[in-house]
K.L.:
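Submitted below is the structure of interest, expressed as structure tokens.
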Amino acid sequence: MPPKGKGGGAAAAAEGKGGQAKGGSGSNTALEDKAYLASLQEVFKSTALRPSDCDPKVVQLLDALQEAGRIQEACAYLSKNLEGSTRDRVSNWRRYAFKLLRTFDPEVYNHLHDMRGFKRPPRDKTGERLRVPFTPLRAEAAEFVPGKPWTPATETPEKAEVKTEPQNTAAAPPSEAKADESAPNPPAETAEVKS
């Protein structure tokens, strides 16, 4: 009995009609109209690579290699590196095919990567990624309480002292100015009508 739920799981997704994997005849619609299909067919015949292993990222990289005039060399590189490999040796053939093509010509890959708009992390002169400096945590930060909206922490006394404005000593003596500041503001008088 098939499992309940949408789609029937990974086994149903991998199978098409008759229990064959999708694209059982070996055709990939993304590759059908490509000029380099004949070269790839030779790779498919001589290695364990299948047309279904060429996902859109692989096809896009193959297109970029063709524009650079290196598609024949790329197919030869794939054949050489996949020679003697079996399907069970590699767990993810799509990723592996992309990795092989990416290492074949890093300049074409980097150009393609930059054209798609991805930003590369900054690197030093040796090519190592620059590390983001560590920012220490604030001990006075507001405590996290699940389900409660976040509010910023109240100011610490040190910060409050720094923000005070200088007092105008000409208007009142210092003792009176401090007394006026510490006293709460009196409420505005309102006329209430009692009934």
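Nothing fancy with the numbering, it's 1 onward along the sequence. Atoms considered below: every heavy atom in the structure, side chains included; atoms not considered: hydrogens, waters and symmetry mates.
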K.L.:
May I ask you to check whether Gln72 and Ser39 show a side-chain donor-acceptor distance below 3.5 Å?
P.N.:
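Their side chains do contain a donor-acceptor pair, which is all the 3.5 Å distance test asks for.
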K.L.:
Indicate yes or no: at least one non-hydrogen side-chain atom of Leu100 is less than 4.5 angstrom from one of Leu82.
P.N.:
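Counting from C-beta outward, Leu100 and Leu82 do come under 4.5 Å.
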K.L.:
Which atoms form the tightest heavy-atom contact between Ala35 and Gln66, and what is the distance?
P.N.:
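Minimum heavy-atom separation between Ala35 and Gln66: CB-NE2, 3.4 Å.
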K.L.:
Rounded at 0.5 Å granularity, tell me how far CD in Glu67 sits from NE2 in His111.
P.N.:
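Nearest 0.5 Å value for the CD-NE2 distance: 8.0 Å.
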K.L.:
How long is the span from the CG atom in Leu40 to the CG atom in Leu78, to the nearest 0.5 Å?
P.N.:
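Leu40 atom CG to Leu78 atom CG measures 7.5 Å (nearest 0.5 Å).
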K.L.:
Show the numbers, then the answer: is there a side chain to side chain contact (heavy atoms under 4.5 Å, CB included) between Tyr36 and Leu31?
P.N.:
CA-CA 8 Å; Tyr36 51 82; Leu31 295 172; 4.1 Å; yes
K.L.:
Is it true that Arg87 and Asp53 make a salt bridge, defined as a side-chain N closer than 4.0 Å to a carboxylate O?
P.N.:
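Yes, this pair counts.
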K.L.:
In Å and rounded to the nearest 0.5 Å, what is the CG to NZ distance from Leu112 to Lys57?
P.N.:
10.0 Å
K.L.:
Kindly compute the distance separating OG1 (Thr47) from CH2 (Trp93), expressed to the nearest 0.5 Å.
P.N.:
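Going from the OG1 atom of Thr47 to the CH2 atom of Trp93 covers 6.5 Å.
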K.L.:
If you measure from CZ on Arg102 to CG on Asn110, what distance do you get to the nearest 0.5 Å?
P.N.:
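Separation between the atoms: 9.5 Å.
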K.L.:
Decide yes or no on side chain to side chain contact (heavy atoms under 4.5 Å, CB included) for Leu62 and Lys34, but give the supporting numbers first.
P.N.:
CA-CA 10 Å; Leu62 287 168; Lys34 303 296 181 182; over 6 Å; no
K.L.:
Apply side chain to side chain contact (heavy atoms under 4.5 Å, CB included) to residues Tyr96 and Leu49 and explain how you reach the verdict.
P.N.:
CA-CA 10 Å; Tyr96 187 55; Leu49 190 68; over 6 Å; no
K.L.:
If you round to the nearest 0.5 Å, how far is SG of Cys75 from CZ of Arg70?
P.N.:
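Atom-to-atom, Arg70:CZ and Cys75:SG are 12.0 Å apart.
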K.L.:
Between Ser46 and Ser79, which heavy-atom pair has the shortest distance, and what is it?
P.N.:
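Taking every non-hydrogen atom into account, OG-OG, 3.9 Å.
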K.L.:
Output yes when Lys80 and Glu83 qualify as a salt bridge under the 4.0 Å nitrogen-oxygen rule, no when they do not.
P.N.:
no
K.L.:
Specify whether His113 and Tyr109 have parallel, tilted or perpendicular ring planes, treating 30° as the upper limit for parallel and 60° as the lower limit for perpendicular.
P.N.:
tilted
K.L.:
Please evaluate residues Phe44 and Cys54 with respect to the criterion side chain to side chain contact (heavy atoms under 4.5 Å, CB included), reporting the C-alpha separation (whole Å), side-chain torsions for both, the decisive distance (0.1 Å), and the verdict.
P.N.:
CA-CA 11 Å; Phe44 297 147; Cys54 296; 3.9 Å; yes
